[in-house]
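Report on the following structure.
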Amino acid sequence: MKYYILFGPPGAGKGTQAKQIVEKYHYLHLSTGDLLRQEMAAGTELGKKAAELINRGDLVPDEVVEGMIRNKIASNRDVAGFLFDGFPRTIAQAEALDAMLTEFGGKVDAVLSLTLPDELVYERILHRAQIEGRKDDTDRSIIENRIATYHDKTEPLITYYKGHGNYREIEGNDTIENVFAALCGILDE
Ligand code: AMP
């Protein structure tokens, strides 16, 4: 069972690439953002609490997303692998994931990190807002908070995973096709 992390700032193209990867490799795509938006759409208690944080551009608590991921891993033992997208986003989540995977007899096989400079993050998110209509994509101050949160809480994971020797960087400022080809190159190794 393979476990891959698709990593990068908001707007780097993780969702777009994840869709293509799971189509080709038949991994299960686990996007914590998508799972949280499903809870919001269904109007669950969790969804209501998450909406407040998400619509400010803040992270939801580690335990919430860790619980979601654990449930999905535990209930899908017959897949070829998992592609995590937007998870982990903090060092605590990364440590929780390592512990979880050890329990399930696996490990993070590779971290596929899409790079993108901040000014392009803005551009991409504002463009996506017109297509997907996400509330957290429309307001400049929310986007700024998401970028600041990324630098503050999520970027330290780069050092964390470099230390584990399975961190791979891919230039995100390229065409969808070229980024996909670079990702497949790594996945096919
Ligand atoms: P995304 O779709 O990955 O951009 O996530 C949208 C929002 O959901 C984020 O800005 C966070 O508020 C929340 N979220 C998604 N994944 C996580 C996570 N792993 N940890 C905490 N919050 C998350």
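Counting starts at 1 for both ligands and their atoms, following the listed order.
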Subject >> Counterpart residues, ring pair (Phe, Tyr, Trp, His ring centres under 6.0 Å), relative to H29 (two or more places apart) >> reply: none

Original post:
For the hydrophobic clusters of this structure (ILVMFWY residues joined by side-chain heavy atoms under 4.5 Å, transitively), does one cluster hold both L183 and I158?
Top reply: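 Unlinked, L183 and I158 end up in two clusters.
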
Original post:
Below 6.0 angstrom between ring centroids: does that apply to Y4 and Y27?
Top reply: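 Aromatic pair counts; centres sit under 6.0 Å.
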
Check residues 114-121 and write down every donor-acceptor pair under 3.5 Å in which the side-chain atom is one partner and the other belongs to a residue at least two apart or another chain.
| from | atom 1 | to | atom 2 | distance (Å) |
| --- | --- | --- | --- | --- |
| T115 | OG1 | I170 | O | 3.4 |
| D118 | OD1 | H151 | NE2 | 3.0 |
| D118 | OD2 | H151 | NE2 | 2.9 |

Original post:
When you look for protein heavy atoms under 4.0 Å from ligand 1, which residues do they belong to?
Top reply: T32, G33, L36, R37, I54, D58, L59, V60, V65, G86, F87, R89, Q93, R134, D136, R146

Original post:
Does NE2 belonging to H164 count more than 12 external heavy atoms closer than 6.0 Å?
Top reply: yes

Subject >> Contacts of D174 that satisfy salt bridge (Lys or Arg N to Asp or Glu O under 4.0 Å) - sequence neighbours left out >> reply: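 With neighbours one apart ignored, the set is empty.
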
